[in-house]
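Notes follow once the structure below has been shown.
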Amino acid sequence: MNSFIEYINSVLPDDENDTVMYKFKKKTYDEMNERKSEVSARGIHNEKVIDDLIISEHPNLQKEFEEYSAKERAKAKAKRNVILNTVGSVIYLIATVVIYLAISFSTHDWGTTWAIIVDGVLIWVGYILFLGVKRITEMRRIFHIFARILLAGMNIVLTVAVFIFIIATTDLPKSWVTIIFGLISMFVCDGAFAVLMKHKFAIINCLLYIPVIATFTFIIFGALEVMKWSIAWIIIPLSLIVDLVVILIAIAKNKQSKLEVADIWNEN
């Protein structure tokens, strides 16, 4: 029996129901033969020596198979998710149109029902952007900037959806405040993303966002008359104090970390 086949089968016994194992064994066997041709071309002609050399390059075939199997499962899952999301999106959009037409024809309130189809599409777009954020987050950190852009886009799209729903179904004054809420959520989500993903300049982002969020909060409180404009402005300088507290905490934490490192070094 071919020594490669013998080695592979000794580590990974045949399983007719495991197609992934079969693919891995065939792939490994082909790679071993290619490697054998390369080694032979370099002047080594003793077949047993070559076979032993190539087999020694795969000391943990079981681990190689487990890694290969995990990647294959991930690919299969990704492919399945693409199909499910595509089919689900088509069904969702068709259902949105059907619901829109059904309600519109039954109520004849076309001036309100238009929000159904518009918001339906916007919610779908928000979901697609969420999938993009999720996918990019799994990639190397250098690509996370694109996830943050998509996350901001998702917040804006969903905010517009809420705003459209409000103006289509109610006569609430100052509904434009919804947009300000959306902008706050955009900065909060981006700052949280940067912190959770441990981005290098996450703290700088937070320090910049706190006064911006405070300014938007000042506008909301004033517009909705939660506080008088003459009092609400204090929120902005208070945000600068919060920034100062965050900076002091970060400095203290960094100093503590350096002391711990120094103590460990001295102990050694």
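None of these values were measured; they are calculated from a predicted model. Both backbone and side-chain heavy atoms feed into the values below; hydrogens, waters and symmetry mates do not.
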### Whether over 12 other heavy atoms sit under 6.0 Å from Y92 OH
yes
*Answer yes or no: does atom NZ of K134 have more than 12 heavy-atom neighbours from other residues, nucleotides or ligands under 6.0 Å?*
no
Q. Would you say V118 and I94 are hydrophobically clustered, going by side-chain heavy atoms of ILVMFWY under 4.5 Å?
A. no
- Is I103 reachable from F165 through a run of hydrophobic residues whose side-chain heavy atoms are each under 4.5 Å from the next? no
- prompt: Can the ring centres of W229 and F218 be said to be less than 6.0 Å apart?
  reply: yes
Over 60° means perpendicular and under 30° means parallel, so classify the ring planes of F216 and F187, tilted if in between. tilted
Subject >> Chi angles and distances behind the side chain to side chain contact (heavy atoms under 4.5 Å, CB included) call for T112, T169 >> reply: CA-CA 6 Å; T112 301; T169 59; 3.9 Å; yes
* Between N85 and Y127, does a side-chain hydrogen bond (donor to acceptor under 3.5 Å, both in side chains) hold up when you go through it step by step? -> CA-CA 10 Å; N85 282 315; Y127 175 69; 2.7 Å; yes
Parallel, tilted or perpendicular, judged at 30° and 60°: which one describes the rings of F24 and Y68?
tilted
### Query
Take atom CG in N60; do more than 12 heavy atoms of anything else shown fall under 6.0 Å from it?
yes
**Asked** Around atom CD of E57, are there more than 12 heavy atoms of other residues, nucleotides or ligands at under 6.0 Å?
**Response** yes
Are N81 and R135 close enough, and set up right, to give a side-chain hydrogen bond (donor to acceptor under 3.5 Å, both in side chains), and what steps lead you there? CA-CA 12 Å; N81 287 341; R135 177 68 185 89; over 6 Å; no
